[in-house]
Amino acid sequence: AWRAKKIQAILVFNNHGKPRLVRFYQRFPEEIQQQIVRETFHLVLKRDDNICNFLEGGSLIGGSDYKLIYRHYATLYFVFCVDSSESELGILDLIQVFVETLDKCFENVCELDLIFHMDKVHYILQEVVMGGMVLETNMNEIVAQIEAQNRLEKSEGGLSAAPARAVSAVKNINLPEMPRNINIGDLNIKVPNLSQFV
Amino acid sequence: MALKMVKGSIDRMFDKNLQDLVRGIRNHKEDEAKYISQCIDEIKQELKQDNIAVKANAVCKLTYLQMLGYDISWAAFNIIEVMSASKFTFKRIGYLAASQCFHEGTDVIMLTTNQIRKDLSSPSQYDTGVALTGLSCFVTPDLARDLANDIMTLMSHTKPYIRKKAVLIMYKVFLKYPESLRPAFPRLKEKLEDPDPGVQSAAVNVICELARRNPKNYLSLAPLFFKLMTSSTNNWVLIKIIKLFGALTPLEPRLGKKLIEPLTNLIHRVAHGPAPTGPRVPGRCGLLPGPITWALTQWSVSVLISLSSGMPNHSASIQLCVQKLRILIEDSDQNLKYLGLLAMSKILRTHPKSVQAHKDLVLQCLDDKDESIRLRALDLLYGMVSKKNLMEIVKKLMTHVDKAEGTTYRDELLTKIIDICSQSNYQHITNFEWYISILVELTRLEGTRHGHLIAAQMLDVAIRVKAIRRFAVAQMSALLDSAHLVASSPQRSGICEVLYAAAWICGEFSEHLQEPQQTLEAMLRPKVTTLPGHIQAVYVQNVVKLYAAILQQKEQAADTSAAQEVTQLLVERLPQFVQSADLEVQERASCILQLVKHVQKLQAKDVPVAEEVSALFAGELNPVAPKAQKKVPVPEGLDLDAWINEPLSDSESEDEKPKAMFQDEEQRHTKPRAPEADEQELARRREARRQEQANNPFYIKSSPSPQKRYQDAPGVEHIPVVQIDLSVPLKVPGMPLSDQYVKLEEERRHRQRLEKDKRKKKKRERERRGTRRHSSLHTESDEDIAPAQRVDIVTEEMPENALPSDEDDKDPNDPYRALDIDLDKPLADSEKLPVQKHRNAETSKSPEKEDVPLVEKKSKKPKKKEKKHKEKEREKKKKEVEKGEDLDFWLSTTPPAATPALEELEVNTTVTVLKEGQEEPRGEEQDAEEDREQDLEKKPSKHKKKKHKKDKEERPKDKRKSKKKVPPADEEAAEPVENGTLEEEPLPPMSSYILLAENSYIKMTYDVQGSLQKDSQVTVSVVLENQSDSFLKSMELNVLDSLNARLARPEGSSVHDGVPVPFQLPPGISNEAQFVFTIQSIVMAQKLKGTLSFIAKNDEGSTHEKLDFKLHFTCTSYLVTTPCYSDAFAKLLESGDLSMSSIKVDGISMSFHNLLAKICFHHRFSVVERVDSCASMYSRSIQGHHVCLLVKKGEKSVSVDGKCSDPTLLSNLLEEMKETLATC
């Protein structure tokens, strides 16, 4: 099959390989998608944190023309599978833009935000990457568009109106353990070498 | 009813939303699957409800489950329902779900076309945006075809948010529906200069991606990209463009020349400055922080430079590049190290020498802890090997193989070693014994998947390097002897493939075996039966070859008992293969067993059999190139698709079948059991076979090349037998064989050098004596290392007169092949995008749909069409030539001011120093740019215009004519009038150039032209004539913009800046300059005040002068002569969309013919039809207004009735016409 997409897939999973966002820009059946997530997880898991962020040789997606470009933030891995025409550092920066945008939109983003608001994460991603191509890299522009759409949604009354909220609040009381807030913390942890020159 | 609604909302209270679902799944860790299937049942119930909010909520949950690996395609129809909700909140959920699970195979996808179209034209930009985003993920060829036009319209949307997305999605549309590329391309190109940086970057992105695959079609955009490159501050854009140039430079070497200097400067700047400065948009996004920019730019630039090869004089730049890369690679940052290596490998392709100097660094990277970096380094090594360092590098790699943990990396190492050694036909190998030893050492690897690779190499080398066979056979027999080591554990199953090669080599070249008997026994061990079937099969086959060789040997020695012993051995051992479960093994074994038994019988009668048995394997096997079969040309007159025999009808063949089978069987029974063929019979058969082969077109014969003839000579005596002292290397314990070869090789080379020196001395002496015999044999290069053996590498055979073609390298499924389209050709009518019918009227502005009348007419007048086509062809050619010229022109000038971005660096040195000489080159640059802009208008290129001309009146007229060619059938339409037999009256000379202003220095005349391709632009051509004795220079034209009309100024200049005239005027000379104006509304005429300022220089000195003028844009100047056929014209009039107005002018003395000609010329109309003194005429405005005229001539008067889609425009046009007619 020919692959026209420049970014083939965007995967976010946690340190245990649990998927938090799975966005393929090429059709794969669901079970293959899961397989790719697992394989990718094992590939990045065995890499130290202080080695480079590029990885070749994932066998399921693309083969030699594709590489994995990833970043590890606290409990989450953000992995982009891209073809050789994309600039590596450019994509690395794009991941940073994406994560910083998440941080802005969720106000101190943590894994829980991604767990419970997968839809919103998708909407944010849609403003950054469209159909496998880089759409926008200016964070202010991205955030502005997201906020405008959120306002639009609010004006329509949103999806889950008040009653559903109330119910879920009641349900919460019975929860044995509310997952703790795991903060991603300092976003720049991974890029000291790059930012010290700034 | 009310109750139902209340009930619905109560139900809804207890619906789970996404958060509840997630929480639930987290709370059911033990029985997650069960819980989820429960949830899916609930979701199915929710989807059945009428409430769209409930449905949307359900679809949202499904999207989450999809991420967990659940197939949700069953809900596709519900997803479409949610997509078509009116609320944005729901719509967005629907499109998200669709983008996650729809694909080309989703059957309901065709139901979405109209919904998507509706959303695309929604007044809310976010509805449109969400639809575009969704579509980008699941666009199919059908959707692309149906929506291409809608999306193209969105490229000119008022909101940059939509433009950006529309531009980007066009790429997907092109891939799915390649026909859309040509019609959409002009607009896409326009977006390269969109005021919004996001849109611009999207356009660059799309065009670069298209150009990367088919660069030659985008060569003409090079000047535009060059401009973008030097002006853009967006690094994303910059990187894309630099990459694009990388693809373009190999096609146009001059481009590299033009780029090399600015880019070299760029490297200097980024490498030496602390961090690049310059304008930046606040925030870090899109604009990367300093060091990244530094690295990125450096990296991209180096890539480009490496690609702009073919320029011998730029080794300095390459050197610089490589040095900078070395710094990157030595950086502690692993990412930079990785990228440095990546870039290095790109330079390596074109400039291997410069990279080879850094071998130490690359070898060092092999020790890196990071696998990605090691792999990169390996990749580099591949290109760095030479005859000189091959052994050393491979030795280093072998130590890594031993150390490597993890099979992936080790396998990678193994393949790389083989790749490195075998590249370009074993070019770098000087000692094949060493290589065979390396291969043998590699067989000791555990758990590799690449046994077959090693095997293939062994076979290839043994077959093609004849001199090595003796050595190879010895090694292989040793390998077979120790087969139990190779194939001992199941982990090593991959490596046992080498036994396949070993067995074959020992069998095929058995004449070189020293102890054939021993090898034979090794191959017949019971353990062999545990090997995979295909290997056993080869064993069985080659056992017989060995057997034949041994028989021969024994019979020659007249040792009959030994010969019988061997036969006995086979008869005893072969049955173990006959029992094999593998059919191939079984079949071969039983055949051979019967054969051997027969031989045994003969031996018992003391009949010599060796000759006959070896005849089974007579002849040499030649290596055949992998693609040889494909390249055999089909002989003339051979139709491979034709039936050889007419196929029998089905019923017949059914009847026939059993009979045929029966006959066949009978024949088999009557066959003699064993052919007791004597020597003569065998010889006869051999001869017959040779004959048959000679006549068989599919048997690949040896080519008559000298090398081949040499090979075909009988026997092996001619093979240079190498004296190999096997005892030395094989007897040193504890040291890998290959290492000893390295050592030996070093010594050998040393000796060789000494010898060479000696020879050189001798040579010099000889030369002194005047005899120069062997001078060409010895060059001084280090690469000149003579191989250890005289090696004859047999080239792979290709059929005679094979067709050289690269076709087979191309994948027919490559979607980019369909996009290999010449974009410079003018659009044919048939290439328009499909448009929904009812939309025609409302979108008549867009240029793609404008030629409707033309299309309709075409079918009715085939003759005209033909003619028109020819004309178009001519047009096309002309245009191509012009294109070429434009690019040529751009490439031929190297304006120093063309690189504004780099000027910052040089701190204005060039700017201030040369005030005088500056104008000329800058003018040229301007010139080139303008030329480019006006490509669409098909003006003759500028340098032609520059020719000085005496006759001013004639020239503009010429120009008019060439311009009039824009509409292809224009001249034809005018023909009936001009060539009419009724009036022979000569036409008066006409010029459309009107006086603009005049003083003692200069006279300005001008003409305004629009183009159908640009609906809000006109080009003003101003002819400037120097009427004085002074030299006029630094001319600058400026106007006071109105709200409606603005002068297009060079990027970055303010509204108060003038536009420089791109030339100077010596006394008495005139020249033409062109200025582009953008016009909003064209229904009214208007005037712009302006000034031409210039410096007049004569012997007494120079003075600043200026000349004021009023530029008059008449409504006529917005018209473009467009032909129209009478039936289309009639339809237009019938449509009733046009408003009407009329004028009447008295006192006309001119003939009707000339009158029409005048209207045609000055008012840009074309005659549709003429009956006596009545004519219908047509024209069209740049914004697509149709203008129809009916001109009637009475006695000394003319009445003009006009119809037009805009009443104001019409009345203004008629007023202007009245003035013209009044002079007639």
Side-chain angles (χ1 to χ4, degrees), chain A residues 2 4 6 19 21-22 25 27 29-31 33-34 48 50-57 85 87-90 92-93 97 115-116 118-119 122-123 126 130-131 133-142 145 148-149 152-153 156 158-160 163-164 167-168 171 175 179 193-195 197-198, chain B residues 13-15 17-20 22 53 56-57 60 63-64 66-67 69-71 87-89 92-93 96 103 126 133 136-137 161 164-165 168-169 171-172 175 198 205 209 212 236 239 275 283 285-286 288-292 295-296 333-335 337-339 369-370 372-373 375 408 813-815:
Chain A
W2 266 88
K6 295 139 65 61
L21 177 96
V22 175
Y25 292 102
R27 172 68 191 164
E30 274 75 11
E31 61 268 33
Q33 290 188 3
Q34 294 299 308
D48 288 348
N50 56 350
I51 59 178
C52 78
N53 302 67
F54 316 115
L55 183 55
E56 295 164 43
S85 78
S87 135
E88 285 82 359
L89 282 177
L92 215 48
D93 191 62
V97 168
I115 295 174
F116 285 103
M118 184 210 66
D119 48 345
H122 267 293
Y123 299 144
Q126 282 176 355
M130 185 173 121
M133 297 172 84
V134 179
L135 176 68
E136 183 59 71
T137 53
N138 183 330
M139 186 165 62
N140 297 335
E141 170 72 13
I142 299 167
Q145 297 298 350
Q149 291 176 61
L152 180 59
E153 189 173 305
E156 289 178 342
L159 175 63
S160 40
V167 175
S168 71
K171 282 179 198 159
L175 274 182
N193 292 329
L194 301 178
S195 47
F197 297 100
V198 184
Chain B
M13 271 181 63
F14 295 101
D15 284 347
N17 64 13
L18 175 62
Q19 283 75 38
D20 301 327
V22 175
N57 184 43
C60 186
T63 313
Y64 183 82
Q66 194 272 343
M67 179 183 78
Y70 289 85
D71 177 22
K87 278 190 177 178
F88 170 73
T89 313
R92 178 151 83 153
I93 291 171
L96 174 62
H103 52 95
Y126 291 111
T133 306
S136 73
C137 293
Y161 178 71
K164 172 173 82 177
K165 290 192 169 192
L168 211 53
I169 201 179
Y171 177 65
K172 289 289 158 63
L175 283 175
N205 203 344
E209 194 57 25
R212 199 164 66 90
W236 279 94
I239 294 166
C285 316
L288 313 164
I292 294 196
L296 273 179
D333 185 282
Q334 295 281 311
N335 286 336
K337 188 178 280 213
Y338 177 90
L339 293 174
K369 60 181 185 297
D370 186 344
S372 297
I373 286 179
L375 287 174
T408 342
N813 295 325
D814 181 357

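Each chain gets a letter, A, B and so on, in the order the sequences are listed, and its residues count up from 1.
Between the side chain of B:Q19 and the backbone N or O of A:F116 there is at least one donor-acceptor pair closer than 3.5 Å. Side chain of B:N335 to backbone of A:N53: a donor-acceptor contact under 3.5 angstrom is found.
At a 4.5 Å heavy-atom cutoff, the contact between B:L18 and chain A is made by side-chain atoms alone. Looking at A:Q33, the atoms closer than 4.5 Å to chain B (heavy atoms on both sides) all sit in the side chain, from C-beta outward. Neither the backbone nor the side chain of B:K337 comes within contact range of chain A, judged by heavy atoms closer than 4.5 Å. At a 4.5 Å heavy-atom cutoff, the contact between B:Y338 and chain A is made by side-chain atoms alone. With a threshold of 4.5 angstrom between heavy atoms, B:Y126 approaches chain A through side-chain atoms but not through N, CA, C or O. The contact between A:Q145 and chain B is made by backbone and side chain atoms together, counting heavy-atom distances below 4.5 Å.
B:L96 approaches A:Q126 most closely through the heavy-atom pair CD1-NE2, 3.5 Å. Of all the heavy atoms in A:L55 and B:S372, the pair that sits closest is CA-OG, 3.6 Å. Among all heavy-atom pairs drawn from A:Q149 and B:Y161, the shortest one is NE2-OH, 3.2 Å. The two residues B:S136 and A:M130 come nearest to each other via the heavy atoms OG-CG, 3.5 Å. Of all the heavy atoms in A:Y123 and B:R92, the pair that sits closest is CE2-CG, 3.1 Å.
Considering CG of A:D48 and CG of B:D370, their distance stands at 8.5 Å, rounded to 0.5 Å. Atom CD1 of B:I169 sits about 10.5 Å away from atom CE of A:M133, to the nearest 0.5 Å.
Between B:T89 and A:E156, the side chains place a donor N or O and an acceptor N or O closer than 3.5 Å (distance only, hydrogens not considered).
In summary, A:E141 and B:K164 engage in a salt bridge, as defined by a charged side-chain N under 4.0 Å from a carboxylate O. For B:K87 and A:E153, the salt-bridge test fails: no basic side-chain N is under 4.0 Å from an acidic carboxylate O.
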